[in-house]
Amino acid sequence: EAERPQKDASALSTLLQQVQSNVARGRNSVRPGEPAPGVQQAFALGSASTPGSGSAGASGGALEELHRRLEESSASPDAQKVALGDVLEMLPKLEAARATELFVRVHASEGLRSAEVLDDLLQVLRPAIPKFNSPQLTRVLSTVASWALSASGMDESKAARLSDHVQDFFGASSTELSLRLMDVVPRDLSHIATALSSVGHVEPRLYGSLARAAVARSERFTPQEIVALAAAFDRAAFMHTALFEILARCLRSNVKEVSFRDLLRGARALAVGGIRDELLGRELGDLLVRRASEGALPPEEFCSLAWSFVALGLYHDQMFRAFFRALEDAAVVPGETLCQLYEIHVTLKAFRSDLYKKYELPGDTVQSLREHYRKQRGGKLREQRLEQSAERVHRDVAEVLGKLVADGSVQKQHQTSLGFFVDIAAVSRKTSRTVVFIEVDGPHTLIQSLDPSGARKSQTYRVRGDVLLKRRVLQQEGFHIVVISEELWRSLDDSRDKRD
């Protein structure tokens, strides 16, 4: 059963003020001989109007008139311009509930949904942030995130283009929310994390506070809310062990009730974070076998879940058999799904060959998949744009390695015979065999751990599940891999240290 909405401290304060105001208004308007209204009646008195309707600066009628003009101005740019001027004048005079509603109404007006209008509105709303209760601020943040993404889009690195005003508003809101997170209801915690991660606002301290608040009240989260929260952490490249372990237990306990979309999102977050739960693997595998027999699993979704199994080192024989049968029967399989299928094949071949050989893909199919994988992961599609500082580290490592390899060549972004890419490779000129692979850990391979402090700095990052899977397979296939972090390489001042 879904959890009933709960109000935080600021929302309750607003509600009590409303009740007191309604009681007083009722007593002032009571006729002789009639009893004065009590608290229960006070709630009824307030139900027909927005709380705080008597706040300075705008009557309910004027606000409703402005709402009407916003709705009707879509066909006239001049009318929209005039309405926006009135919004900017009225907005700072409204109490929080009405300001929230007006801001959302402006966003609903397509002609006003521009980056410039958003900046103007946020300059007005910025000083009022402390006045919003948590549900109101959550709603405003979600609207700002959606607005900023649609109006400004993303840059070449797929990061949201945020103006200074948008960034400042998110920063100020994050500071305010960090003071009251323990009073924010679970649903709003999930919405806040989703909004912030969607625009790339990734402040570690706030996400750490979000995780601690969620862990402390984990029993109050619905499965959908905990999945949404973990998915936001995954998108922001953050990891919190206790939070993700709660996600695993929640999915395990509710595996039959959770929507398939949430199963996909939850399994991906666990795979990327490296949280392995064998009981969940067993329960989820059984469920997938049943659903596959009913023909209720789209190939791409089934493949995504099967990939999560191999990334976590989990094996469910009947599930994998059902998965390969489902792929054989599929009329059309998307290109990315075929790449995942290939990774599943090479992983099972490397680590479960004794069991996998009973239903292993035919050789010609594997060859076709390998060619497809090398093509999809090669060329422009596999180009990985690194930050300039990271690119310098990769170039420096390659140069030092080149001086050490007398009879060989050094290649950056080298594609192995299996199709996987490694950061740097030393290859023999005579035999064309690989001498060594070097992987450089940095933002493109790591997620930041937000586990409680006390660990050494070098332990605050974890290798992403997909990167770890690649390295495990390559090592199992006999390749030599050396891993060095960008941070460590930068700390080596002497060229001798780098060569060593």
Counting only N and O atoms by type, is there a donor-acceptor contact under 3.5 Å from the side chain of Ser150 to the main-chain atoms of Trp147?
-> yes

Between Arg252 and Arg282, is there a donor-acceptor pair closer than 3.5 Å when you use the side chain of the first and the backbone of the second?
-> no

Does this structure show an ion pair linking [X] with [Y], if we count only N-O contacts that are shorter than 4.0 Å?
X	Y	answer
Glu399	Lys412	no
Glu278	Arg276	yes
Arg321	Asp317	yes
Glu439	Lys470	yes
Asp183	Arg180	no
Arg377	Glu336	yes
Arg490	Glu486	yes
Arg462	Asp451	yes

Check: [X]/[Y] side-chain N/O donor and acceptor closer than 3.5 Å:
X	Y	answer
Ser152	Arg161	no
His240	Tyr207	no
Asp286	His316	yes
Asp188	Ser134	no
Arg139	Ser142	no

Is the distance between the ring centroids of Tyr356 and Phe324 under 6.0 Å?
-> yes

Centres of the Phe302 and Trp307 rings: under 6.0 Å?
-> no

Minimal non-hydrogen separation, [X] against [Y], with atom names:
X	Y	result
Phe103	Val140	CE2-O, 4.0 Å
Phe437	Ala425	CD2-CB, 3.7 Å
Val166	Ala148	CG1-CB, 4.3 Å

Start with the C-alpha distance between Ser198 and Leu149, add both sets of side-chain angles, then the distance that settles side-chain contact (heavy atoms from CB on, under 4.5 Å), and finish with yes or no.
-> CA-CA 8 Å; Ser198 69; Leu149 286 174; 4.0 Å; yes

Verdict with reasoning, Gln367 to Arg370, per side-chain hydrogen bond (donor to acceptor under 3.5 Å, both in side chains) = CA-CA 5 Å; Gln367 180 62 27; Arg370 183 183 296 113; 2.9 Å; yes

How about Val185 and Leu189: do any of their side-chain heavy atoms sit closer than 4.5 Å?
-> no

Taking C-beta and beyond as the side chain, do Asp168 and Arg126 meet within less than 4.5 Å on heavy atoms?
-> yes

Please determine which of Leu141, Leu122, Thr175 meets the side chain to side chain contact (heavy atoms under 4.5 Å, CB included) test together with Phe170.
-> Leu141

Looking at OG1 of Thr460 and CD1 of Ile447, how far apart are the two atoms once the value is rounded to the nearest 0.5 Å?
-> 11.5 Å

